[in-house]
Amino acid sequence: MILILIGPPAAGKGTQAQEIGRRWQLPHLSTGDMLRSAAAAGDSVGLEAKAKMAAGGLVDDAIVSRIVAQRIGQPDCASGFILDGYPRSLAQAGQQSEILETRGLAIAGAIELRIADDVLIDRVAGRFRCANAACGEGYHERFKKPQRDGICDKCGGTAFARRPDDNETTMRSRLATYAAETMPVVRFYEAAGLLATVDGAAEIGDITDAIDIIVSRLPRAISQAA
Ligand code: AMP
């Protein structure tokens with residue numbers, strides 16, 4: 001099954017994609033994570049990505065689409081995957097269709113997490129992550145604390161980090177980018193009859209359950225012909 005999770009920054013896409021991925025045994029492909037790894041590696045793609053991310057804008061469409069095309073060719077994606085944060089512009093939506101079509105693949109559906117801007121601005125202030133690069137489990141000071149204070153539930157790590165773009169100024173730019181560039185993608189999936197919308201302001205577990213019901217009704221096949 002190929003799923004797209006779409007929504008504004010800090011809507012909970014990563015948290016939900018991880019849990020839905022666990023339930024449905026689908027790898028979670030986050031372009032934000034891929035770009036942060038590239039930025040940490042410090043190559044030319046990474047340096048450009050770092051500057052764009054810090055400003056709250058979008059990294060070049062062709063670069064992101066190339067990274068996604070490489071990632072979905074890996075063996076763990078053979079039965080499907082969850083795309084978190086891609087496509088984020090109409091140009092990327094076109095590139096994505098091309099990438100999938102040339103491989104004979106089709107998406108099962110797109111799930112939108114909808115939530116008001118002021119809630120999101122408040123929310124980013126409390127976000128943090130496990131600093132172990134192989135884990136990266138997401139937490140929140142109010143909504144999702146580690147079960148044991150200071151210890152990652154998933155890997156047992158004790159170091160945590162905040163994203164540099166999780167500040168109010170960058171967040172406002174990211175929200176403006178979402179409205180201008182990504183909302184047209186949401187409308188595109190809606191017009192294609194592929195969109196389901198979930199209330200992103202609900203409790204984390206309730207959102208997962210709502211997404212789970214939507215996913216259970218979607219076709220599991222990943223090929224166009226099926
Ligand atoms: P995220 O982790 O999804 O919030 O993404 C963090 C940042 O990475 C975004 O604000 C963008 O600068 C960049 N980014 C992530 N996904 C994309 C994408 N599909 N296209 C362009 N830039 C992206």
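Only heavy atoms go into these numbers, but all of them, side chains included; no hydrogens, no water, no symmetry mates. First listed ligand is number 1; within each ligand, the first listed atom is number 1.
The nearest non-hydrogen atom to atom 14 (N) of ligand 1, considering only Val59, Thr31, Leu35, comes from Leu35. Of the candidates Lys13, Lys50, Arg88, Met34, it is Arg88 that places a heavy atom closest to atom 5 (O) of ligand 1.
If you look at Met53 next to ligand 1, the close heavy atoms, those under 4.0 Å, come from the backbone and the side chain alike. When heavy-atom distances to ligand 1 are checked against a 4.0 Å cut-off, Leu58 comes that close through both its backbone and its side chain.
If you number the atoms of ligand 1 from 1 as listed, the ones under 4.0 Å from a heavy atom of Gln92 come out as 18 (C), 19 (N), 20 (N), 21 (C). Which parts of ligand 1 touch Arg36 is read off a 4.0 Å heavy-atom cut-off, strictly below it: atoms 2 (O), 6 (C). Using a 4.0 Å cut-off to heavy atoms of Gly85, the atoms of ligand 1 that qualify are 16 (N), 17 (C), 18 (C), 19 (N).
Under the 3.5 Å distance criterion, with hydrogens and angles disregarded, no donor-acceptor pair is assigned to the side chains of Ser65 and Gln92.
With respect to Asp209 and Arg23, a salt bridge is recorded, a charged nitrogen being found less than 4.0 Å from a carboxylate O. Between Arg187 and Glu190, none of the side-chain N atoms (NZ, or NE/NH1/NH2) sits under 4.0 Å from a carboxylate O, so this pair counts as no salt bridge. One finds a salt bridge joining Asp33 and Arg129 here, because a Lys/Arg side-chain nitrogen approaches an Asp/Glu carboxylate oxygen to under 4.0 Å. Under the 4.0 Å criterion applied to side-chain N and carboxylate O atoms, Lys52 and Glu48 are assigned as salt-bridge partners. Salt-bridge check for Arg142 with Glu203: failed, with every basic side-chain N at 4.0 Å or more from each acidic carboxylate O. Lys144 has a carboxylate O that lies under 4.0 Å from a charged side-chain N of Glu137, or vice versa, which qualifies the two as a salt bridge.
Annotation: atom 6 (C) of ligand 1 to nearest protein heavy atom, Arg163 NH2, 3.4 Å. Here the protein heavy atom with the shortest distance to atom 12 (O) of ligand 1 is Gly57 O, 2.6 Å.
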